[in-house]
Amino acid sequence: MSKVETVGRPANFIRNIINDDLANHKHEMVHTRFPPEPNGYLHIGHAKSICLNFGLAEDYQGQCNLRFDDTNPSKEDMEYVDSIKKDVAWLGFEWAGDIRYSSNYFDQFYGYACELIEKGLAYVCFLNAEESREFRGTLREAGKNSPHRDSSPAENLDLFAKMKNGDLKEGECVLRAKIDMTSSFMCLRDPTLYRVRFETHHQTGDKWCIYPMYDFAHCISDAIENITHSLCTLEFQDNRRLYDWVLDNLNDFNKPDRPHQYEFSRLNLEYTVMSKRKLHQLVDDNLVSGWDDPRMPTISGLRRRGYTAAALRDFAERIGISKVDSMTGMDILEAVIRDDLNKIAPRTMAVMDPIKVVIENYEGECESIQAPIHPQNEAMGKREIFFGKELYIDRADFAEVAPNGKYQRLALDKEVRLRNAYIVKAVRADTDAEGNFTTIYCTYDPETLGKNPADGRKVKGVIHFVEASKALPAVFRIYDRLFSVENPVKADDFESVLNTDSLAVKQGFVEPGLANSEAEKAYQFEREGYFCRDNQSGDVQVYNRTVALRDTWGTK
RNA sequence: AGGGCUGUAGCCAAGCGGUAAGGCAUCUGGUUUUGAUCCAGUGUACCGCAGGUUCGAAUCCUGCCAGCCCUGCCA
């Protein structure tokens, strides 16, 4: 039955279910939804879910809705709905029709709650929160029935109307489903359906003072929107019994083609945290610069860091979908962004820890050189760089004497190729009082521009540089993992295990061609890594390192 | 004797009774004006463990072990 292959993306258990459902004509199309609560910014775990839901809709020529699950006005805010819309669109997905809100259906929810009351399946309960907890029992012991459990439908209808009209106080009572106080599923022990909240809602204003709970609102919202496959994470597996109970007890939805819930495992990434609560805390405690700090696993943070939507979608595809509790390594995330940027990023040179070089035998001041924008893609054209009497190279690319035979950089009396330019040889170096090199004096071979030495001598090393008089000063932000341990959640206090070196700031120079570089556009600083101009730095040249180049040096 | 799930190489993950895909990482060569890219090659995975059914089991059955989730008027 699961033999209907969908080309393109890898198989997973949800695709198998969909293939079966389509083959059996349980559904004639696929309709999914992405249902975030607007109480925080989206992170890469949400990106996994977005790619799953929208990807399924694309592959099966179905539809995917974007629905804000806004049933709790005390935690939600328009700032979050705006950022979520932006992030989903940025990832490259189009939702079906208008944006939906669970709050669009508040009137219908009220009607369905009344239907349950009329059927004797829901009641208004006056136990307070603490009593309610006591009556619920424990994992090992059955709960006890509420004293209000057997009041009549007429009485409950009246009470529920009073709740709605604001005649009952917040916390005084709730509407509960009448299911089974002895169930081994805690969520079936007469769960709360509605609570009283005198709060202004970002969509419905002050119209309501009762708000539905997730378990009641979500399944009905799915059913109203004709969702076929309602995908969520593993912790909702028990809740599925309640999802089914609600729909099965409502006349409008008790039919074979109603939505069904399936659960997959959420994304855990090494060296970071993925819960909105913890991300909120990092922002509130000023441990990062905001939700879009480039070290954050948020979509806005990754975007500012220089990640592309294509890379994130590739990431989602490569990690797959399953029900296994897993911890994904950073290596996959780094692999996808390198793959993407390697293809599209223009090459440039930047020196982040400059040391001055004087070419002693150079006549004149400086000359222009045409360098490829991408050595493997000629179609990207050329850029103008400069070479002259004074240059900058990176401090790490010079040593007085080569430390070992594998050393391929500049050393006294040793030749090296300056990338895109000439072969130079170091003759001497000045040092300051502390012994740090201040200036390196070299000679260059004028016959080696664009060609190897005519005498056949081999120069293996290549280092990058920028010509001093035309160089643009720039600031570089070098990011590292946010936490110092693989799984910060395991620490007693996750903030205590933050990586104190997650950001290093350097001052140096970039090629003049970068004068008008765009924010969020990727550049490869050759031999260093992929960078992008920060999207909040204004006129100052500030570059965020997206990811370093792969470095197998030392292993070879 | 509470319930719901999950266990396939270092990590992610296909597989659904016919003799273990793929990706990442690793390692080895080759190309290279990026120690990058690219190309070629590279893995004895007691398929959590132990029994059983079968001509044949990662796939079916039984028992066990380990991990995750569930006692919000959060989602």
Side-chain angles (χ1 to χ4, degrees), chain A residues 1-2 10-12 16 35-37 39 69 71-72 74-75 125 127-129 132-134 136-143 170-176 183-189 191-197 211 213-215 217-218 232-241 263 265 270 276-277 317-336 338-339 342-343 347 349 371-372 374-376 406-409 416-423 448 450-452 459-464 524-529 548-556:
Chain A
M1 268 314 184
S2 327
N12 62 52
N16 294 342
E37 184 190 14
N39 67 344
D69 208 348
T71 57
N72 186 358
S74 42
K75 289 190 173 177
C125 177
L127 254 28
N128 65 34
S132 179
R133 196 180 319 124
E134 283 163 14
R136 187 156 34 236
T138 69
L139 296 177
R140 304 287 297 274
E141 299 158 29
E170 212 169 291
E172 186 177 358
C173 63
V174 294
L175 181 74
R176 289 228 254 165
S183 175
S184 53
F185 293 103
M186 297 304 285
C187 66
L188 256 25
R189 318 246 264 225
T192 301
L193 264 24
Y194 264 95
R195 73 285 216 189
V196 179
R197 270 307 99 95
Y211 291 93
M213 299 290 288
Y214 164 85
D215 286 304
H218 200 93
C232 62
T233 43
L234 253 30
E235 66 272 24
F236 290 98
Q237 287 175 121
D238 287 359
N239 300 248
R240 185 173 71 243
R241 277 70 185 187
E263 311 87 14
S265 46
E270 283 180 356
K276 274 195 215 168
R277 204 199 105 250
E317 192 163 302
R318 292 201 206 184
I319 57 175
I321 295 293
S322 75
K323 301 180 75 157
V324 184
D325 271 303
S326 56
M327 177 69 74
T328 297
M330 285 295 227
D331 49 359
I332 299 187
L333 193 57
E334 293 184 351
V336 294
R338 286 193 186 111
D339 271 10
N342 175 49
K343 282 177 277 177
R347 270 53 173 170
M349 292 191 285
H374 189 129
Q376 279 80 47
K406 291 180 179 173
Y407 188 77
Q408 295 180 20
R409 305 178 182 188
V416 82
R417 160 79 64 184
L418 289 180
R419 176 86 174 145
N420 297 307
Y422 301 91
I423 287 173
T448 54
K451 55 191 177 191
N452 287 321
V459 176
K460 184 127 192 269
V462 180
I463 65 173
H464 60 283
Q524 185 195 96
F525 292 163
E526 291 188 287
R527 298 209 316 130
E528 293 286 3
L549 256 28
R550 190 160 168 270
D551 185 8
T552 53
W553 181 36
T555 66
K556 283 192 177 178

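So that the names make sense, note that chain A is the first sequence line, chain B the second, and so on, each numbered from 1. Only a predicted model underlies this, so the values are computations on that prediction, with no experimental measurement involved.
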Give one of base, sugar-phosphate or nothing for [X], where a contact means two heavy atoms less than 4.0 Å apart.
X      : value
A/P35  : nothing
A/Y214 : base
A/G329 : sugar-phosphate
A/R338 : nothing
A/K451 : base
A/V174 : base
A/N39  : nothing
A/D69  : sugar-phosphate
A/A421 : base
A/R133 : sugar-phosphate
A/F236 : base
A/E37  : sugar-phosphate
A/S183 : nothing
A/S322 : sugar-phosphate

Distance, [atom1] atom - from [M] to [N], rounded to whole angstrom:
N     : M     : atom1 : value
B/A66 : B/A50 : P     : 16 Å
B/G7  : B/G72 : P     : 29 Å
B/C55 : B/G22 : C1'   : 32 Å
B/U8  : B/A58 : C1'   : 7 Å
B/A14 : B/C60 : P     : 16 Å
B/U44 : B/C39 : P     : 24 Å
B/C24 : B/C38 : P     : 9 Å
B/U62 : B/A57 : C1'   : 15 Å

Open item on the list: Run the salt bridge (charged side-chain N to carboxylate O under 4.0 Å, His left out) test on A/D339 and A/R318 for me, step by step, so that the C-alpha distance in whole Å, both residues' side-chain angles and the decisive distance to 0.1 Å come before the verdict.
Closed with: CA-CA 13 Å; A/D339 271 10; A/R318 292 201 206 184; 2.7 Å; yes
Open item on the list: Quick one, A/D238 and A/M186 - any side-chain contact, counting heavy atoms below 4.5 Å?
Closed with: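 No, too far: nothing below the 4.5 Å cut-off.
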Considering only heavy atoms and no angle criterion, is a donor-acceptor pair shorter than 3.5 Å present between the side chain of [X] and the base of [N]?
X      : N     : value
A/D238 : B/G3  : yes
A/R136 : B/U71 : no
A/Q524 : B/U34 : yes
A/R347 : B/U34 : yes

Would you kindly give the [atom1]-to-[atom2] distance between [X] and [N], to the nearest whole Å?
X      : N     : atom1 : atom2 : answer
A/M213 : B/G72 : CE    : C1'   : 6 Å
A/D215 : B/C74 : CG    : C1'   : 10 Å
A/D325 : B/G4  : CG    : P     : 17 Å
A/N342 : B/C24 : CG    : P     : 13 Å
A/I321 : B/A13 : CD1   : P     : 9 Å
A/R240 : B/A75 : CZ    : P     : 20 Å
A/I332 : B/U26 : CD1   : C1'   : 14 Å
A/N239 : B/C5  : CG    : P     : 13 Å

Presence of [X] side-chain N/O under 4.0 Å of [N] phosphate oxygens OP1/OP2:
X      : N     : answer
A/N16  : B/G15 : yes
A/R550 : B/U37 : yes
A/T552 : B/A36 : yes
A/R195 : B/A75 : yes
A/R241 : B/C5  : yes
A/T71  : B/A75 : yes
A/R140 : B/U71 : no

- [ ] With syn defined as a glycosidic angle within 90° of 0 and anti as everything else, classify B/G72.
- [x] syn
Partner lookup for [N], please. Criteria are Watson-Crick or G-U wobble with both distances under 3.5 angstrom; report none if nothing qualifies.
N     : value
B/G41 : B/C27
B/C16 : none
B/C74 : none
B/C60 : B/G52
B/C5  : B/G67
B/U34 : none

Task: Donor-acceptor contact present, side-chain A/R417 to main-chain A/A421, <3.5 Å - done: yes
TODO: First locate atom CD of A/E270, then atom CG of A/L333, and finally report the distance between them rounded to the nearest 0.5 Å.
DONE: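 So the gap between those two atoms works out to 11.0 Å.
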Task: No-hydrogen, no-angle side-chain donor-acceptor test under 3.5 Å, A/H464 and A/R419 - done: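 Distance-only check fails for A/H464 and A/R419.
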- [ ] Walk me through it: do A/K75 and A/E37 pass the test salt bridge (charged side-chain N to carboxylate O under 4.0 Å, His left out)?
- [x] CA-CA 9 Å; A/K75 289 190 173 177; A/E37 184 190 14; over 6 Å; no
